[in-house]
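Shown next, in C-alpha cells, is the structure this report addresses.
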Protein chains: 2
Amino acid sequence: MSERIDLPCHSSRSSLLSSSSGYNNYRGLLNLVYILLAMGGGRLVLENLLKYGLLVQLDLPIIFLKDPTQWSAFILILLVNIFIFITYYLEVKVKSTLSQLINLFMLLIFPVIYIEIRKPNPIGTFLAVSIYSIVFLKLISYIHINCLCRMQWINDNKGKKTDIFEESLNDYVTEKSSTILVKYPDNLSLKDLYYFLFAPTLCYELNYPRTTGIHKNSLVRRLCEILFLSSLEYILIQQWTLPILRSIDRPLNELSTFTIIEHLLRLAIANHLIWLIFFYLIFHSCLNVVADLLQFDDRHFYSDWWNAEDIADFWKKWNIPVHTWCKRHIYKPLIKDYGLSKAMASFFVFLISAFFHEYLISVPLRMFRIWSFIAILVQVPMAFIVKYMNREARYGNIAVWISLILLQPIAIILYLQDYYYKDYVQQN
Amino acid sequence: MSERIDLPCHSSRSSLLSSSSGYNNYRGLLNLVYILLAMGGGRLVLENLLKYGLLVQLDLPIIFLKDPTQWSAFILILLVNIFIFITYYLEVKVKSTLSQLINLFMLLIFPVIYIEIRKPNPIGTFLAVSIYSIVFLKLISYIHINCLCRMQWINDNKGKKTDIFEESLNDYVTEKSSTILVKYPDNLSLKDLYYFLFAPTLCYELNYPRTTGIHKNSLVRRLCEILFLSSLEYILIQQWTLPILRSIDRPLNELSTFTIIEHLLRLAIANHLIWLIFFYLIFHSCLNVVADLLQFDDRHFYSDWWNAEDIADFWKKWNIPVHTWCKRHIYKPLIKDYGLSKAMASFFVFLISAFFHEYLISVPLRMFRIWSFIAILVQVPMAFIVKYMNREARYGNIAVWISLILLQPIAIILYLQDYYYKDYVQQN
C-alpha cells in the first residue's frame, strides 16, 4: 500500500439542487420528457392491441362503395351543379340580387329535404353537406364581387369614375404588370366560375396570382403524404377512437363523474392527435395539391395558430380561407355599410360560424341539437377570459390548447349520446 | 352595399409548413407536449383509481412494527456495533491489518447467517443489510487511512519525513488555517469513529469541512420535504407499482412477448418516477438533513447526472460518496500500487459494485440469483456502445435515460419471478 492518498477529499460545497448552488442546467431532463412521452405512447399502442386485437377493417371502403345508400349522397353532390348553373344564369342574364339570394337559400335547404327523404349514411352525407356549404360561401363571394363590378361598370359607362376601386385595381396591375388582367364583364364565363369553385379559396377575384408550371416532384411527394396520412387517420379512428366511444355504452347520467372524466380525457388525447393530423392533411397537403394542379399561387391556407396567444387569435389564424371570407364579405360590410361596432360585427361572424358548424353536423345526423352551435358561441366569453388571463401572465397559449383539446370531444360525446339514446331517453 | 372592397385579397405566398417558407417558430407546440403529458398522467391516475379503488393502507407501518419478525431485523442492525467496537479495539491496541480484514469479512458474512436462521421480513432485512454494507465501506476507509497515518507517524518518530503526505496535509492547513487540526493518533477515539459513521460520506478523514451552526429554517423545510416525499413514495408504490406487479400472475414463459413488453413498459414508467423521487429524497433531502445536524459542510452528494453523456459519465456523477470511495480506496491504489491499467481498474470497481448490488438484494430475499450482478456488469459493454454512439451523434444522454428506465424493472421482474415461482418452476 502506498502512503500517497488523496487527502483531503472533502471540501465545503453545496448540493446542486439547493438554491444556494446557483446551478440551473437541466437540459437532460427534456430528453426524459420526450422518452416518457414516447414510452407512454408505445405502451398505449401495445395495451390497445392486446385488449382489442387488430380492429382495422381494410375492406371498409369497398363495403362503403357497395352500399347503395352511398349513391344517393353521391347524387346529392352532383345536384349542386344545378344551383351553380342557376347562379351563373341569374348573374349573366337576370342580374337580380334578390333572385340570387333566393337561389342560395334553396341551396342550403335542398340537402336537408333530400336527406330527410333518402336517409343516406351520415359519412357520405357529411361530405355532401360540406360541399354544399363551401359552394354556398363561394357563390356569395362570386355574387358580391360581380355585383360590385357591375355597379362599377355601369358607372364607368356613364363616364363617372369611382376612384377607390380603380386605385386598388391599379395596385394590382403594378404588382403583376406582365400578365393581361381580365376585366368585367369578360370574367362572366362558366370556365372562370368553375376555376373559382375548384380553387383553394372562398374569395372570388377576377384575377388570381398564378404559377407558371406544375412542379411534378413536389406534387408526387404531397400525393404520397396524403396517401400515408389518410391511411394513418383511417387506422387511428378505427383502432383508437371507436373502442373508446363504444366503451361509453350507456347514457351519461348512469355513469359516475370520474368515469365520465376518465373517458373524456382518453377520447380528448386520441381526438386531438387525429385532429392535428387532419389539419395537416387538409390544410397543408390537400389544399397545396389542389393549388399545384390549378397553378394557384396563394398558399396562405393557415397561419401560425399553434403560437396563438388567445382564442380570438386562434380563430384568426387557423383557417385563413374562411377567415378572409368572413372579413371580406361579412365583417367589413357590416362595419362600413351597416355601421355596426367591431365587437358586434365579430359576434355576428361567430354567429354565422356557429350556424355552419351546427348545419354540418345536424343535417348528416338528421338530428337538430345545439351542441356545436353552443361550442362555437361559448368561445366568445372564453376569448375574453383568455385575453384577460394572457394580460396577467403568459398562460394564453396554454388556454387555447386546452380549449382545443377539450371542446371537440365534449361535443362528440354529447352528439353520440343523443344519436344512440334519443329513443332510450324518451322511454324513461 | 359599398363599392369599396379589398381587391385583391390574394397574393403569391407559400404555406408556413412548406420548407420554402423558412418559418420555424414552433414554441407553442412545446406547451402541447406539457399538456399531453399532464393530461395523460391525470388520466392514468383516474383510470387507476377507477380500476383498483384506494389501495393505500395507512395502518401498514403499525402492522409492520407489530410484526415480531421485524424485531429480529432491528436486533441485527444493533449488532453491527460489535464489529465497530472490534475494529476500534484492533485499530488502537492490535494494529494488525490482517485481523482487521478478517473482522470485516465476518461483518459481511454475519447478516447472511443471521437471516438464514431467523428469517425476518425482507423489508427490515434490506435496511439492515444496507447498513452493514455502508458500515463495511466506511470501516475499510477508516482502516486504510489510519494505516497510512500510522506508517507516517512511525516514519516521523524515526526522524524521517515523507514529503508527499506532509505536503497534502499542509495544503489542508493553509486552506483552513483558523481551525486547529487533529493529528494522528489524537483522532483514535470512539467519538471520532462514530461521527464518521453517521456523517454523510464514506471516506474517512482526520478533519472535515464543518459549518459553524445549524440553520433551523432550512432544517425544518427539509424535514417537511422528507415527510411529504416519503408519504408520496408510500402511496405511489402501493397504488401504482404493486397492482402492476400483481398483474404478472404467472411465470413469464406462459405470457406472450407483447404482454411482457406491455407490463415492462408500464412498470418502467412507474418505477422510474418512484426512483427519481427516491433519488431526491435520499441524496438531497436526507443526506442534507444529516449534514445539517452533524454540521458537515461537504454537500456534494451528487453531480449533474441528468446531463450525463454516456453510461460511465452517469456512474461518475449520480452517487458521489460511493464514487469518491471507489476512486480513493480501490481505483487509485490498484493503479499506483498494483500497476493495473485504468481499464482493468475500472472493471474491478464495476465488479465490486456488482457484488454489493447482488448482496443487497439476494441476502434479504434469501435467494442467490445473479440478475443484479449481471445488470451492473452489462453496463461495461453498454458504456462502450453508448460512448461510440455519442461520438457519432448526440444520442448519449438519451441512451443513459433508456438504460436507467429499463434495466431496473427488468431486474425487478426477474427477481419477483424467481421469488414467487421458485417452487412452481421445480414442479414442472
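Per chain, numbering begins at 1; letters A, B, ... match sequence-line order.
Of the two parts of B:D304, the backbone and the side chain both hold a non-hydrogen atom closer than 4.5 Å to a non-hydrogen atom of chain A. Heavy atoms closer than 4.5 Å to chain A are found in the side chain of B:I35, but not in its backbone. Contacts of A:L50 with chain B are made by side-chain atoms alone, with heavy-atom separations under 4.5 Å and no backbone atom involved. Of the atoms belonging to B:L287, not a single heavy atom falls under 4.5 Å from chain A. In this structure, the portion of B:L406 lying under 4.5 Å from any heavy atom of chain A is its side chain and not its backbone. With a 4.5 Å cut-off on non-hydrogen atoms, B:H263 does not touch chain A at all. With a threshold of 4.5 angstrom between heavy atoms, A:R150 does not approach chain B through any atom at all. The part of B:L276 that comes within reach of chain A is its side chain, from C-beta onward, which places non-hydrogen atoms under 4.5 angstrom from that chain. Contact annotation for B:S18: both backbone and side-chain heavy atoms come within less than 4.5 Å of a heavy atom of chain A. Within the 4.5 angstrom heavy-atom criterion, only side-chain atoms of B:H284, from C-beta onward, approach chain A. In this structure, the portions of B:I261 lying under 4.5 Å from any heavy atom of chain A include both its backbone and its side chain. In this structure, chain A has no heavy atom under 4.5 Å from any part of B:R221. Proximity to chain A is limited to the side chain of B:F296, based on heavy atoms less than 4.5 angstrom apart.
Note that CZ of A:R43 is 5.0 Å distant from CZ of B:R266, once rounded to the nearest 0.5 Å.
Interface check for chain A: of the options B:E47, B:M39, B:E262, the most heavy-atom pairs under 4.5 Å are formed by B:E262. For the set B:L265, B:N25, B:L36, B:N307, the count of heavy-atom pairs under 4.5 angstrom toward chain A peaks at B:N307. Of the listed residues (A:L17, A:L16, A:L264), the greatest number of heavy-atom pairs within a distance under 4.5 Å of chain B belongs to A:L17. Among B:L46, B:I269, B:T324, B:T201, the residue with the largest count of heavy-atom pairs under 4.5 Å with chain A is B:L46.
Between the side chain of B:S141 and the main chain of B:Y204, a donor-acceptor pair closer than 3.5 Å is present. Side chain of A:W401 to backbone of B:G28: a donor-acceptor contact under 3.5 angstrom is found.
Among B:F279, B:Y280, B:F314, the single residue meeting the ring pair (Phe, Tyr, Trp, His ring centres under 6.0 Å) criterion with B:Y302 is B:F279.
Ion pair B:D292/B:R299 flagged as a salt bridge, since at least one NZ, NE, NH1 or NH2 atom sits closer than 4.0 Å to an Asp/Glu carboxylate oxygen. Taking the charged nitrogens against the carboxylate oxygens, B:D297 and B:R210 have no contact shorter than 4.0 Å, which rules out a salt bridge.
Applying the salt bridge (charged side-chain N to carboxylate O under 4.0 Å, His left out) definition to pairs two or more places apart or across chains, none involves residues 26-38 of chain B.
B:S15 and A:H300 share no side-chain donor-acceptor pair at under 3.5 Å.
Residues B:C326 and B:Y331 have side chains not in contact (no heavy-atom distance under 4.5 Å, counting atoms from C-beta outward). Residues B:W306 and A:L32 fail the side-chain proximity criterion, which asks for heavy atoms closer than 4.5 Å.
Classified by interplanar angle (parallel below 30°, tilted 30° to 60°, perpendicular above 60°), the ring pair B:Y23/B:Y26 is perpendicular.
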